[in-house]
Structure formats: C-alpha cells, structure tokens
Number of protein chains: 2
Amino acid sequence: MQSSDIKKAGLKVTLPRMKILDLLENSGERHLKAEDIYKMLLDADEDIALATVYRVLTQFETAGLVNRHHFEGGHAIFELNDGEHHDHLVDIKTGRVVEFYDEIIEKRQKEIAKENGFTISEHTMILYGNFEE
Amino acid sequence: MQSSDIKKAGLKVTLPRMKILDLLENSGERHLKAEDIYKMLLDADEDIALATVYRVLTQFETAGLVNRHHFEGGHAIFELNDGEHHDHLVDIKTGRVVEFYDEIIEKRQKEIAKENGFTISEHTMILYGNFEE
DNA sequence: ATGTATGCAAAACATTTGCACCTGG
DNA sequence: CCAGGTGCAAATGTTTTGCATACAT
C-alpha cells in the first residue's frame, strides 16, 4: 500500500514489490517464510517467481523495511520493521509467534556489551516453548 | 577423551565419535560449524565423512552432549553442553564469539514467559556487533 | 531509451538419507 | 556374530545467480 516506502528505499515501484509489501503489512501473520509469501502470491493468482520473493525480501531488508530472523528449522522468517525492536516467544509445536519488549532486558544487554567492550548493532532473543491451551 | 559420555548416551564408542567429541572439548574453539569439524578431521588425516559429522552431532545433541545454535549466515553452530546455560556476543566481522550469563535477564525471561502463559523449554539470545580492537 | 526488475532454470549451500559394507562389544 | 555405525553418492530443502526478456521512469 505504501509505495512511498519502496521509493524511499531507492527501488522502483513494481507490482511484485507492492504485492509483497502488502502481504507483510496486511496478511494477518507478521512472521513469514519466503515460501509462505510465494504461496500466498500464487493463491492470489500473482505470477511472481520465488527467486523474486527472495530478491525483494533481501532488498527490503537492506533498506530497513523488514527484518530477517533465523528461527530453528533451517529457514529464515521475515517481518515488517516497524521501527521498534522486540523479541520473540515461539511455540515449538504450533509455530505461533508472540512478540514482546522488555526494558529491563534491553538495559542489561547494553550493560553487558559495555562490560565486554562490545558495540551492539543488533540482537535477537528467542524463547522456545509452549503456550498454555 | 571422555568415552564414558558417549557410552552414557547409549551410543557405541567409535573412532569418529571420539574424535569429534575430542575436537569439541579441546580444539580451542567452542563454537564450530559441521564443516569446520570436518575440515579439522581432514587436517588430522582422519577419514571421516561429512555425513558422519552431521549424524554424530545430531546424536550428541539428542543426548544433550552438545547444543546447536542458529547464528546468522544460514548454518548451524555446535558447542559442548557444559550444563550451564549461557548467551552469546558475536562479532559480525571476525566471527569471534564470547559467552555470557546474566541472572537478571534470565529472571526477566521467566517472568515474561509467565505473563504470556508460556513454558520455556529453551532460549537463545545473541548480540551481534563489534568488539573494540 | 535505458538502467532495473523479473522469470526461469541452473547453481550453490547446508543438511539428510538410502544402501552396501564395516566394526565394536 | 550382528545390531548399529560409516562412507559414498544421491536426494532434499533453502537461497542465490546467470541470462534473456520485460518494465518503470
């Protein structure tokens, strides 16, 4: 929907890019594999190659529009970058993902980095487990 | 060196398993890719297949002897499980890895899980960045 | 027009698996 | 001896790339 974001990233506003950004914004699921996006495009009768999905996602990542995470399972998942950092709770069985943000943890991370003479450029924290029914 | 660990895991004490465990314990680098281990074995003139390295590492993981982590880069890294959980600082440029453990963070993680009706079975936290020279 | 993007197929990796042969207990 | 382990090659799953064609500006 926001073709301005694509333009801002120095990318031409093409149909594949708009469709993919639209899915990331409005598909209802924030955390998607490239394959998921590809299948949703097929379902929507969009003739977009999987290779293009990967290329676009990588460009979006470079532009700061999306984040790429490496959850367990050997594949990456992508989510819209809403500007606010957050971490993840991942249900091992269902794959359900819940985001959270904790001030205390963020503060400690910075302190720990400092103690180690380390400058954080980014970080991920993933808690794997099960949600109660 | 500790063939007893292998036996305890219900696995036969074979040369490949001993060599791989030895590397994990004494190679000087705690965080290794399967490929790294394979190359070290080649350098040591051990005729062990990459497939075996993967099989053994997976068995060790199941037995709780090693942990598998998914750092950035599309490959898994393996480290000896010394029984104590810890998190990682990873240098983006050099690949250097430093482990740390923080009581305050661990405590907050448990509280956050509780707030979300979530039972943690394991978790990873990785800070990516740069160490000062 | 012209530099970018895309589709397609092939390539590149990381990891797993089938199968015949070998080996530890 | 014999279940379990291993090497090799082929298969799998994910992501990247080369190239000819198509499109945005």
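Model, not experiment: these values are computed from the prediction. Hydrogens, waters and symmetry mates play no part in the numbers below; they use all other heavy atoms, side chains included. Note on naming: letters A, B, ... go to the chains in the order of the sequence lines (proteins, then strands), and numbering restarts at 1 for each one.
Between the CD atom of B/Glu46 and the P atom of D/dG7 there is a distance of 10 Å, given to the nearest Å. In this structure, B/Leu57 places its CG atom 15 Å from C1' of D/dT6, rounding to the nearest Å. As rounded to whole Å, 14 Å separates atom P of D/dA24 from atom NZ of A/Lys19. Between the C1' atom of D/dT15 and the NE2 atom of A/His70 lies a distance of 11 Å, rounded to the nearest Å. Summarising the geometry, the separation between OH on A/Tyr38 and C1' on D/dT15 is reported as 14 Å, rounded to the nearest angstrom. Rounded to an integer number of Å, the gap from A/Leu15 CG to C/dA5 C1' is 12 Å. Nucleotide C/dA5 holds its C1' atom 12 Å from the CZ atom of A/Phe60, rounded to whole Å. Atoms CD (A/Gln59) and P (C/dA5) sit 6 Å apart, rounded to a whole Å.
The side chain of A/Thr14 places no N or O atom within less than 4.0 Å of a non-bridging phosphate oxygen (OP1 or OP2) of C/dT4. In this structure, A/Tyr54 reaches the D/dT15 phosphate: one of its side-chain N or O atoms is under 4.0 Å from OP1 or OP2. Residue A/Thr52 places at least one side-chain N or O closer than 4.0 Å to OP1 or OP2 of C/dG7.
At a threshold of 4.5 Å between non-hydrogen side-chain atoms, the residues B/Arg17 and B/Lys12 count as touching.
Considering only the side chain of A/Ala34, D/dT15 comes nearest among D/dG5, D/dC8, D/dT15. Closest to the side chain of A/Leu11, from the set C/dA5, D/dT15, C/dT15, is C/dA5. Between C/dA9, D/dT6, C/dA5, one nucleotide has an atom nearer to the side chain of A/Lys12 than all others, and that is C/dA5.
Among the heavy atoms of the strands lying under 4.0 Å from A/Leu50 is at least one base atom, whether or not backbone atoms are also near. Looking at heavy-atom distances under 4.0 Å, B/Arg17 makes contact with sugar-phosphate atoms alone, never a base.
Contact detail for B/Ser27 and B/Leu32: the closest heavy-atom pair is OG-CD1, 3.8 Å.
Side chain A/Arg55 to base C/dG7: a donor-acceptor pair is found below 3.5 Å.
The aromatic rings of A/His69 and A/His86 are tilted relative to each other, their planes meeting at an angle between 30° and 60°.
For B/His123 and B/Glu106, the side-chain atoms include at least one donor-acceptor pair closer than 3.5 Å.
Salt bridge annotation for A/Glu111-A/Arg108: present, with a cationic side-chain nitrogen under 4.0 angstrom from a carboxylate oxygen.
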